[in-house]
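Input: a single structure, listed below in structure tokens.
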Amino acid sequence: MTQDTATLASGLLALHRAPELLTVVNVWDVVSARVVADVPGTTALATASHSIAASAGYEDGENIPVDEMLAAVGRIVRATDLPVTADLESGYGDPGGTVRRAIDLGVVGANIEDGMRPLADSVRAVEAVMEAARDAGVPDFCLNARTDAFVRDEGRSPEECLEVAVERGRAYLEAGAPMVFVPRASERSHVEALVEAFGPQRLTLIGVPGTLPLADLEALGVARVSYGPWSQRVALTALQQLVEGVHEGHGLPEGTRPLN
């Protein structure tokens, strides 16, 4: 693997470790990547598997063929000089192999979700990913090991979900993951507990309606906030509102920018 890829990975890891909160507004194709990258202050890009799958007509959840997902990710990587981290769902049956293929495209980080599979299996997936990254010459690969403890609560109380997230997240960190992603952990007390359990600048979260203010998350020691499919939903909402306005006899909204 080229030194440039290794250097980009180290730079992305440094952005996670800095006390300043890293924010990434997820992208799903070349034009969205270029629009986001061109905004001053953007330091990294993250793909959204849900959004890429939806754009290609697939439901989320590894229904899109891995080759098609990686092809979309590769186009995004080639469209920017910024570090790119890719949402690779659960690894499409081969987390280590899928991540190695992504690294070959220039990807320097990835989300891999556990789907609440047996913990030992999920730990092995983390180990496989980090081993593949080291073998590719990218030891600072930014694996964002995701636990679905809150997403798939299976009848557990919020406090029980927190306990499971702490157990799994600690196991993933011990297995070599530099960060742990805990979607739907939104209560301040839960964020505080997760940061305490993992250490500062190790927890990543998703921004959703009702999320704590970014300044608060930064002060609490969160490493990163991403936006998953919500960025595409914002874009699609604007499109739908345009159509509604046209049907009502209106023209283009004021302030529309020629971004492509």
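Quick caveat: nothing in here was measured; it's all calculated off a predicted structure.
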> How would you list all residue pairs meeting salt bridge (Lys or Arg N to Asp or Glu O under 4.0 Å) that involve residues 204-220, not counting sequence neighbours?
Replying inline: Arg188-Asp216
> Is there any salt bridge (Lys or Arg N to Asp or Glu O under 4.0 Å) pair reaching into residues 51-67, and which pairs are they, with sequence neighbours excluded?
Replying inline: Asp67-Arg101
> With sequence neighbours excluded, what pairs up with Phe150 under the ring pair (Phe, Tyr, Trp, His ring centres under 6.0 Å) test?
Replying inline: His190
> To which residues is Met179 joined in a hydrophobic cluster, defined by side-chain heavy-atom contacts under 4.5 Å among Ile, Leu, Val, Met, Phe, Trp and Tyr, whether direct or through other members?
Replying inline: Leu13
>> Who clusters with Val30? Use side-chain heavy atoms, under 4.5 angstrom, across I, L, V, M, F, W and Y, and order the result by chain and number.
In response: none
Contacts of type salt bridge (Lys or Arg N to Asp or Glu O under 4.0 Å), residue [X], not counting sequence neighbours:
X: Glu154; result: Arg156
X: Glu113; result: Arg146
X: Asp87; result: none

Side-chain donor-acceptor pair under 3.5 Å between [X] and [Y], yes or no?
X: Gln232; Y: Ser55; answer: yes
X: Asp114; Y: Ser122; answer: no
X: Ser231; Y: Asn26; answer: no
X: Thr7; Y: Asp4; answer: no

[X] side-chain N/O to [Y] backbone N/O, donor-acceptor pair under 3.5 Å:
X: Ser32; Y: Asp29; value: yes
X: Ser10; Y: Ala6; value: yes
X: Arg17; Y: Gln201; value: yes
X: Thr85; Y: Ala110; value: yes

Counting only pairs under 3.5 Å, give me each side-chain donor-acceptor contact of residues 128-138, with atom names and distances, residues two or more places apart or in other chains.
none

> In Å, rounded to the nearest 0.5 Å, how long is the span from CG of Leu203 to CD of Glu192?
Replying inline: 11.5 Å
Show me the donor-acceptor pairs, under 3.5 Å and distance only, between side chains in residues 75-82 and residues at least two apart or in other chains.
from, atom 1, to, atom 2, distance (Å)
Arg78, NH1, Gly74, O, 3.4
Thr80, OG1, Leu82, N, 3.0

>> Filter on ring pair (Phe, Tyr, Trp, His ring centres under 6.0 Å), then keep only pairs touching residues 231-260, sequence neighbours left out; what's left?
In response: none
>> So, using side chain to side chain contact (heavy atoms under 4.5 Å, CB included) as the criterion, who are the partners of Ser189 when residues are at least two apart?
In response: Glu187
